[in-house]
Amino acid sequence: MIGRIVSLVMIVAVLSGCVSPIGPLPAETDISGRVCADRYLLSNARAVVFDPQGSSETVSVDVAIGPNSPCFQAADGTRRTYAVFDVSGIVGQDVTLVAGSRVEPGRLLPPTALVLDHGGDALLEFGAGRFLFRGDHLSVSFRARAGFRYVVVASDPDRVGGQFTKVDSMVSGAVIPIGPAVTYVPVSADTTNTLHYSHYGVARLRAFVTPVAGEQ
Amino acid sequence: MRYKQLSLVVLVGLVMAGCVTVPEVAYDREASSVQTIALLQPGFPDKPTAFDGAGTQDAMGAAGGLIGSLIGAAIDASTLARREGKLDTALEGTEFNARNQFVDSLVVKLEEQGYSVQILSAGDAARTEHESEPPAAIGVADAVFDVVTTSYGFASTGGQWRPHMYTKVILKSSKDQTVLMQNLVNYNPFYMASQDANVSIPPDPQYSWPKFDDVVAQPDVAIAAMEEAVSKSVDAIVTLLK
C-alpha cells in the first residue's frame, strides 16, 4: 500500500516537472569569440509543417541552440544566437503561432523574435517586453498572416548574464484503492529554480488553429 | 483488480485535468484596429481566499468538485472559512483594496498603450463568469473587454503559502462580437509546469510563508504580496493587448 502511494507520488512529481532527471545545464554568456554574420542565415531553417484537419490540432517544434548554432551580429556589435523556423508549410486560414524558448534545468534563453518575409525582410518584431510565461515556455503569441515565411527566435543580449528565480506550484492527486473503497491523496509541490539567462537553450515554435469565438 | 487499477488511472487523470485552461486567442492589434475599449466593470471577489492545495478537502475543491462528486466525499469548508476569517481580520483597518487597485491600474496601463478606455457597468461585481450578454458598445467603443478575476489571495502547495490570482480575459469586437483576444492570466498557477496553453506568472519568491498564521502575522507584507500579484497580472493582461 505504502509502496503504491510512493510510486504514484513519484510519477506525478516527475510528470509535473518537479523532479528533474538531470542537473543544471551551463549558461553560455559570452559569445564574443565567435564569428557571427551580419544577417540571419535562412538556408538551414527548420521546417514547420502544419496542415490541420481538425480545430484541436497543434504542432510544436523545438530547436536546440548551442555552440554549433548560428549567431548574428548587429551594427552596434551586439551578438545573439538564434534558430530559424520556416513556416511556409503552415496551411490554414487562421493559425496562431507561439514563439519563444523553453526552460531547461538551470538556464533559459531569453527570447526575442522576428517574423520575416520570403526575402528576409522583417514584418514583425517582438522585444523582451512581449514575452510571457506559458507554463515552462517564455513566449509570444501572434496570428499567422499571408506573407509570413520565417520566424527567428534569438537570444536577447541585454538579458544574457542575468538570472531569474522561477517558482512553480503544483497540485495534483492520486486516488488510492483501499479494499473495496478508494481514498484521495493530494500531491502538491513548491519548487524554486534559479535560471541563468543564456545564449544557449531551446527555441520553440508552436502552431495551432485559432479557436472560434468562446470555444472552451 | 484490473477494473480497480483502470479506475485509479482514470481518476488520477481527472484530478490532473482539474487544471483549467482556455484556448488562447492571440490579439492582432494591427488587424483589429481597436482604439477605444469599453471595459466592463471587472468581476472580482469581494474578499481574498486562502486555500491549502496540500489539504485534502481544499485540493478536491480546487479540482472543481469533480473528484469530490465522484468519490462521494463531502467538502468541509470550515477550515477554509477559518483561514479566510483570519485574513479578513488581519486586513481590517488597512486601506488595501485589491479590486480598486486592479481596475485603476488596468485602466491606466491600457491608456498608456494608446487605448481610450471607458468603464461600463456590468452585473454582479463579484461575478466569476464572463457576461453572456454584455451591454452593446457600438458607438461607444470599438471593442468590449470583459475581465473576471475568479480567485485571489493566498494558496499553499508543497508547504509554502504564496499569493495567487487567477483572471480570465476576453476582448470582443463591438461590431460583430468576434473574439479578438482570449486568455487566462494566472499568477502562481497550480498546474503542471509543462502546461503551456495559457499565461502563467511565476510568483515573486520573496513572498513565501511556511504556515498560514505567518501570513496573517505580517499584514503589511501580506498586502505587498497581493499588490504584487495584482500588478503583475495587470501587466500581463496589458501585454496581451500590445
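Just so we're on the same page: letters track the sequence lines, and every chain starts at 1.
- Figure legend: cation-pi geometry between B/R29 and B/Y115, with NZ or CZ positioned under 6.0 Å from the six-membered ring centre and within 45° of its axis.
- Just one residue in the list B/Y207, B/F51, B/W209 forms a ring pair (Phe, Tyr, Trp, His ring centres under 6.0 Å) with B/F154, and that residue is B/W209.
- Neither the backbone nor the side chain of A/R102 has a heavy atom closer than 4.5 Å to any heavy atom of chain B.
- Between the side chains of A/R204 and A/S101, no donor-acceptor pair is found at a separation under 3.5 Å.
- B/E24 and B/N183 are linked by a side-chain donor-acceptor pair at a separation below 3.5 angstrom, with hydrogens and angles left out of the test.
- For residues 233-242 of chain B, heavy-atom neighbours of chain A at less than 4.5 Å comprise B/A236, B/T239, B/L240, B/K242, sorted by residue number.
- Classification of B/D204 and B/R162 as a salt-bridged pair fails, no side-chain N sitting under 4.0 Å from a carboxylate O.
- A cation-pi arrangement, defined by a distance under 6.0 Å to the six-membered ring centre and an angle within 45 degrees of its axis, is present between A/R159 and A/Y197.
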